[in-house]
Protein chains: 2
Amino acid sequence: MDKGGTAIKPVTVYDIAREANVSVATVSRVINNTAPVKQSTRERVMELIVKHQFQPNALARSLYKKETGMIGVILPDITNPFFPALLAGLDQEARSKGYTFFLCDTVSTNGDSAEQYVRESQYLSILMEKQVDGIVMIGGRINLAKPSKESICEVVEASKRVPLLLINGNLTGGGITRVYADELEGAELATQHLIELGHEHIAFVGGYKHMSNTIQRIKGYLKAMERSGLQTRKEWIMDGGFSVASGTAFMNRLLEHSERPTAIFCANDLVAIGVMKAAHKAGIRVPEELSLVGFDDIPYASNSIPELTTVSLKCYDVGRYAAEQLHHMITKNKFSRSIKVRPELIVRESTARPPSRM
Amino acid sequence: MDKGGTAIKPVTVYDIAREANVSVATVSRVINNTAPVKQSTRERVMELIVKHQFQPNALARSLYKKETGMIGVILPDITNPFFPALLAGLDQEARSKGYTFFLCDTVSTNGDSAEQYVRESQYLSILMEKQVDGIVMIGGRINLAKPSKESICEVVEASKRVPLLLINGNLTGGGITRVYADELEGAELATQHLIELGHEHIAFVGGYKHMSNTIQRIKGYLKAMERSGLQTRKEWIMDGGFSVASGTAFMNRLLEHSERPTAIFCANDLVAIGVMKAAHKAGIRVPEELSLVGFDDIPYASNSIPELTTVSLKCYDVGRYAAEQLHHMITKNKFSRSIKVRPELIVRESTARPPSRM
DNA sequence: TTCAGAAATGAAAGCGTTGTCAATATTTAT
DNA sequence: ATAAATATTGACAACGCTTTCATTTCTGAA
């Protein structure tokens, strides 16, 4: 247990107390301003504290106080540009309330989602053992269209022990508080935009049909199409990925047929960018010959050429609300109500009227 | 301190011990396999542990053992696509050794760097109070060309109390262990590549001259230019940002003059993308009329149209080495030697021979 | 049966804080 | 000067765990 050599022996309240000729209680009082201390002794203690650069041991404090000021965040992949905005919102709000984050990225290097799920479980345990004040879960298993019985059980069980909040995802049972974006409405918005521009042949590509977010987006797309009495085609609804690479693959598959849609609604921005690349390579101009709308409004969406029309899920707001709700759950220990946040269409350059028929 | 209502009263070793009719010592022994326990009692205790889903309190354990298994990471902005790869490397290596991360993002919402620096200090304190086993600092103040006396002092002071490792940055004094990419060599590589393609008129744009990374990159650029006896011009060396927006601004400024470079080496990929956008708007084709090389090899570099030639700083490796070194410092308590990792040129589509003169 | 040695267990100290409660020092009022 | 306040302070238990050291229980050999 001893690490030998170079480390300075940490100074404790006892050291300070001894040297200042007071009791540890008094030292504690000046540190925390928790009770009046005579001016002269306060100064004496303070001096020693700065002299020794004394830093109270948060473990001991938390052990006694039963609060750590830490919030654990479990997310599937920090690399996904979708998350930083969410985290920024969470952070902003949580920091102002004195919390600090414990980030747990469950991404598996080999992309194996089974491995990812076990890491979610592991982190859930670790966070509880570390006595975090609350836990936020984003994506991963809770994002499955059909979460397994065990997943639900595990999360519900955890939520009984520690304030736990779900962001986005699909774990609606068990009375767990959620803060989530209305993906269905977002998809409707996107599709409606295309329709209003005059498009009638609209494809949907991207995502995974076993994930709830994809299902919601497809539902929204279908709803908008139906409302306008527009036909949809099986071959024009494709899933199989959220990446740029999958986007180019989708587009290339679309290109194999003689008939092509005049607009594509992509499951997310990355896919849209992939589609844009493939279109570019095939000599198809966006938006003149092909309109594209993405989803998520990742920072890069405004960097592409042309800039991408997309729908913002208001991640920053989602994060803020989540932190607010969680704080409420921690301090009042109530199950808060779930919050749905409404998305917003961001029109940029990748959409236009369809090419006129000849 | 009581949070009332819904929370389950946590079960402790005492509860298990009482119900199993053994002492807490025995319970501890079966949990940690730290001494032989009779098979029958081990089973009895185990049963109760799973029955109550007992989870030992990591605070109490760490308090006694003086180790938390946590590594604190202080970085300036998780949003910067440069970091995820670094973190992935760190994470991969550190997790295998049983550590878990404590991520501290010091970004300030209003972009005020002064605020950022105080947050670095705050986090440094918080991490030490939370008794992390080690700390990794990336970017921020340590990245300044001239770090302030106080910064250096503070970091050196911290490094005396806890194993501390710097990634990249410029805090070379004080005998602090660093793991860093050789930015100078990277810049040389990039410039050399352009020169070998036949370019003679090469500009450097981006970065901030008060930051050490920018200075290194400019140095490497100048070194390569000089070696080949190529002229450089004051107006073709511009700094002022690392963002896409600043990139387009640089390009537009370049466009104001009648003479233009045939190639631009950008301080990072984001700037390169901004330049590319501005070039596209001005009707200048990349790479036919203008070659572009970026720096960092962020994931997006291969998503742009055309794909960006850039230099990889081997972030993943840097992260892995850092975790290795830090682990060594934690367990052996030695100051490890600093490690320099060599960058690599990634040739993609944004560079070509210069347009032939007419 | 008896005893040495091994195996299994328990009691209690400590890790570094905070908070309670009682004791002491200092004022203020009489 | 003295009693009755009030303002400061200290001793100690508690937080939940691990580990040391001593004790008890068991094993097999004499």
Side-chain angles (χ1 to χ4, degrees), chain A residues 1-3 7-46 48-49 52-69 128-133 161, chain B residues 1-3 7-46 48-49 52 54-69 126 128-133 161:
Chain A
M1 224 154 72
D2 179 56
K3 305 298 173 38
I8 291 180
K9 185 186 169 294
V11 359
T12 72
V13 274
Y14 283 95
D15 302 320
I16 303 288
R18 186 171 345 101
E19 198 169 339
N21 256 308
V22 294
S23 71
V24 290
T26 300
V27 176
S28 174
R29 282 189 273 256
V30 349
I31 294 172
N32 303 296
N33 249 301
T34 181
V37 174
K38 212 208 309 188
Q39 185 62 17
S40 62
T41 72
R42 147 167 282 118
E43 280 166 6
R44 192 152 33 99
V45 170
M46 270 310 213
L48 290 170
I49 287 179
H52 291 100
Q53 298 190 257
F54 167 71
Q55 292 185 301
N57 183 323
L59 296 176
R61 171 183 289 159
S62 295
L63 179 58
Y64 183 89
K65 308 239 307 180
K66 293 176 180 310
E67 63 180 45
T68 55
M128 293 198 288
E129 287 179 7
K130 289 198 186 298
Q131 315 295 121
V132 296
D133 292 343
R161 298 168 166 253
Chain B
M1 225 152 78
D2 179 56
K3 306 296 173 38
I8 292 179
K9 185 185 171 294
V11 358
T12 72
V13 274
Y14 284 95
D15 302 319
I16 303 288
R18 187 172 344 103
E19 198 169 339
N21 256 307
V22 294
S23 71
V24 289
T26 301
V27 176
S28 174
R29 282 190 271 257
V30 349
I31 295 172
N32 303 296
N33 249 301
T34 181
V37 174
K38 208 197 330 177
Q39 184 62 18
S40 62
T41 72
R42 148 167 282 120
E43 279 167 7
R44 192 151 34 99
V45 170
M46 270 309 213
L48 290 171
I49 287 180
H52 292 100
F54 167 70
Q55 292 183 302
N57 183 323
L59 296 177
R61 169 182 291 158
S62 295
L63 180 58
Y64 183 89
K65 308 239 305 180
K66 294 173 179 311
E67 65 180 45
T68 55
I126 291 178
M128 294 199 286
E129 287 179 6
K130 289 197 187 297
Q131 314 296 121
V132 295
D133 292 342
R161 298 167 165 255

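Note that these values count all heavy atoms, side chains included, but never hydrogens, waters or copies made by symmetry. Chain letters run A, B, ... following the sequence lines, proteins first and then strands; every chain starts at 1.
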Between N or O atoms, less than 3.5 Å apart, protein on one side and nucleotides 8-11 of chain D on the other: list the pairs.
from: D/dT9; atom 1: OP2; to: A/K38; atom 2: N; distance (Å): 2.9
from: D/dT9; atom 1: OP2; to: A/T41; atom 2: OG1; distance (Å): 3.3
from: D/dG10; atom 1: OP2; to: A/S23; atom 2: N; distance (Å): 2.7
from: D/dG10; atom 1: OP2; to: A/S23; atom 2: OG; distance (Å): 3.3
from: D/dG10; atom 1: OP2; to: A/T26; atom 2: OG1; distance (Å): 3.0
from: D/dG10; atom 1: N7; to: A/R29; atom 2: NH2; distance (Å): 2.8
from: D/dG10; atom 1: O6; to: A/R29; atom 2: NH1; distance (Å): 3.3

Grab the CG-C1' distance between A/N33 and C/dG19 for me, whole Å please.
-> 15 Å
Kindly say whether A/T68 contributes a backbone atom to a donor-acceptor pair with the side chain of A/K130 at under 3.5 angstrom?
-> no
Least distance between heavy atoms, B/L63 atom then A/L59 atom | N-CD1, 3.9 Å
For A/A17 and A/S23 the tightest heavy-atom approach is CB-C, 3.8 Å
Positive for side-chain contact (heavy atoms from CB on, under 4.5 Å) with B/T41, one of B/Q39, B/K38, B/E43 = B/K38
Where does DNA chain C form stems of at least three consecutive Watson-Crick or G-U wobble pairs, each pair having both distances below 3.5 Å?
-> C:1-30 with D:1-30
Residue pair B/I31 / B/I49, side-chain heavy-atom distance below 4.5 Å | yes
Quick check: does any side chain N or O of B/S62 sit under 3.5 Å from a backbone N or O of B/A58, one acting as donor and the other as acceptor?
-> yes
Supply the atom-to-atom distance B/F54 CZ to A/E129 CD, rounded to the nearest 0.5 angstrom.
-> 8.5 Å
Closest heavy-atom pair, B/R42 versus B/V37, reported as atoms and distance to 0.1 Å, is NH1-O, 3.6 Å
How long is the line joining CG of A/D15 and C1' of C/dT17, in whole Å?
-> 13 Å
Smallest heavy-atom separation, A/H52 atom then B/R161 atom, equals O-NH2, 3.0 Å
Measure from the side-chain N and O atoms of A/R44 to the backbone N and O of A/A20, and report whether any donor-acceptor pair falls under 3.5 Å.
-> yes
Nucleotides 14-16 of chain D: which of its N/O atoms have a protein N/O under 3.5 Å away?
from: D/dC15; atom 1: O3'; to: A/K66; atom 2: NZ; distance (Å): 3.1
from: D/dG16; atom 1: OP1; to: A/K66; atom 2: NZ; distance (Å): 2.6
from: D/dG16; atom 1: N2; to: B/A60; atom 2: O; distance (Å): 3.4

